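Everything below concerns the one structure shown next.
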Amino acid sequence: DDNTKIKYLYNELRNMQNVLPSEEELDKLQKIEIDLEVKHDSLNELSYYFNPLYVKVKKEIHEKNVKKIREEQKRNLRKGMLVNEEEQTEDSEERFLNRDFEKEIRAYKRKRRLIILAVVLVLVIVAAVWYFIDRSRTYRSMTVSWSQTVEVSSFEGAVGFADGLLVYGRNSASYVAQDGTVMWTESYEMSNPAAVICGEYAAICDQGGIDLIICNAGGKQGQIQTSSPIMRMALAGQGMAVVIQEDTRAEYVSFYDHTGKKLDIEIKTRLQGDGYPLDLAVSQSGEQLMVSYVYVENATLKNKVVFYNFDVGQDMVDRIVGGFEQYEDTMVPRVTYLNETQAVAFGDKLLTFYSLKNQLKPKTVQEYTVEDEITKVFYGDDQVGVVTVPKEKGAAAHLTVYNGAGEVQREIDFSEDFSKIEFVGNEILVYNEKGFRIYNADGSLKYQEDTGYDLSAVVPGTDKKTYYLIGNGMLQKAVMH
């Protein structure tokens, strides 16, 4: 009957009201949607800082996951099984965002690493191929880009300086730029001039005399007249000159700054005491000094090498941080720093490589006994060359090249006679009065030129293809092809 139907409908409506979400639950749903939209907007604002591909992946996955969350919410509403906000976040966002998003990003990062690795591998292969091609390359010809008369009176030598070269003689010195412009000329009177270059500075001294000038690309910075004759000179990177001076009573190692001012540092020695200084070297920083001394012990002449440090060695007696006396009667006429942590002593029978990584305790890292006569030694950045001549008549000169740690890198025989040899990068330049030769690192001939006139000097330019030739009263800039 009608009353029964009305009661039935009323009960159904009551049941439906229990199933449908309440206003509070609808508010929670709306908050979830708003929260998702806010997160989406925040990610978009940060997208500027990410790779475009990364942003694209992020956006697609975010839209896909929002769609999945909303579809699941609708299904739950139909079933009257709406979950609260915390459960929705933990279940949906962790299940979809963490799983799919991180999976896609891992794939993207893996792909990016593979691309970077492939690019690096290609670059390494190209560099290696270029290195080996360059080592074996030969020059076919030489052209002269400019030529001019040598203005230096009584020419003595030339060295690479700034972007060009320093040409010096007994009466003057000139800085010639790479385009041939004479930037400055300094006049003086020296009987036996010698030049040293270090960094931006050059020093010219009169060996056996008392005159010394210090220059940079701008011209003369300091001029010095010492109280006693200069026997040897070294130069630090900031223009500090260190000289061995000799008088009738003792020998002195004196220091002068780039302006010519004498510094409050002096080492006084005598042959019967600490010894007579044969040679000295100063590190580019000016903080380390290396001196070879010959001294008398039990009526026998002996040799030793002493290291000084004017920084960390200030608390040491006379600032001496190391002394080496293994040379006995072997004379050591040449010492040098290759850099701040490596030094070499060239004896007539002994070749010693030193490590100064611990500046308070220098140590020997390699030492070689040389049986043949050493005729020439030369050095460059982290490499040392020693030329020996066997005792047999007519035997070829032999070159051994070492790295800064004293390890043998290569050995080359030279059949021709030469007056000068030096490193030009990994290449080797030799010359005499008739011409010059350039050798590759493996000893193969890269170029040879017979000039047809008396060649006085060959100076490498700032790049490997440029050389300055001086001879017959002319200075020329030559370019290799």
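Predicted, not measured: the structure shown is a model, and the values here were computed from it.
A donor-acceptor pair under 3.5 Å is formed between the side chain of Tyr368 and the backbone N or O of Gly406. One N or O on the side chain of Trp184 and one on the backbone of Ala217 form a donor-acceptor pair closer than 3.5 Å. With Asp206 contributing its side chain and Ile210 its backbone, the two residues share no donor-acceptor pair below 3.5 Å. Under the 3.5 Å distance criterion, the side-chain polar atoms of Ser174 are left unmatched by any main-chain donor or acceptor of Val167. A donor-acceptor contact shorter than 3.5 Å links the side chain of Asn339 to the backbone of Thr341. Not one N or O on the side chain of Asp450 forms a donor-acceptor pair closer than 3.5 Å with the backbone of Gly435. Checking side-chain atoms of Gln221 against main-chain N and O of Gly219 turns up a donor-acceptor pair under 3.5 Å. For Asp311 (side chain) and Gln314 (main-chain N/O), no donor-acceptor pair under 3.5 Å exists by modelled atom type. A donor-acceptor pair under 3.5 Å is formed between the side chain of Glu340 and the backbone N or O of Gln284. Asp372 places no side-chain N or O within donor-acceptor distance of the main-chain N or O of Thr388, the cut-off being under 3.5 Å.
Between Lys391 and Glu373 there is no salt bridge, since no side-chain nitrogen of the basic residue lies less than 4.0 Å from a carboxylate oxygen of the acidic one.
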Output, in order, the C-alpha distance, side-chain angles, deciding distance and verdict of salt bridge (Lys or Arg N to Asp or Glu O under 4.0 Å) for Asp247 and Arg249.
CA-CA 6 Å; Asp247 64 19; Arg249 295 168 298 175; 3.7 Å; yes

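Atom CD of Glu287 and atom CG of Leu356 lie 12.5 Å apart (nearest 0.5 Å).
The aromatic rings of Phe418 and Phe414 sit perpendicular, their planes meeting at an angle over 60°, well past the 30° parallel limit.
Side-chain contact, Asp329 with Thr300: no donor N or O sits under 3.5 Å from an acceptor N or O. Using a 3.5 Å distance cut-off with no hydrogens or angles, the side chains of His258 and Gln238 do not pair a donor with an acceptor.
The cationic group of Lys304 lies under 6.0 Å from the six-membered ring centre of Tyr295 and within 45° of the ring axis, placing it in a cation-pi geometry. Because its NZ or CZ atom is both nearer than 6.0 Å to the ring centre of Tyr139 and within 45° of the ring axis, Lys446 counts as a cation-pi partner of that residue.
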Only pairs under 3.5 Å count here: list side-chain donor-acceptor contacts from residues 474-481, not counting sequence neighbours, and write none if there are none.
unit_1: Gln476; atom_1: OE1; unit_2: Tyr453; atom_2: OH; d: 3.3
unit_1: Lys477; atom_1: NZ; unit_2: Gln178; atom_2: O; d: 3.1
unit_1: His481; atom_1: NE2; unit_2: Thr143; atom_2: OG1; d: 2.8

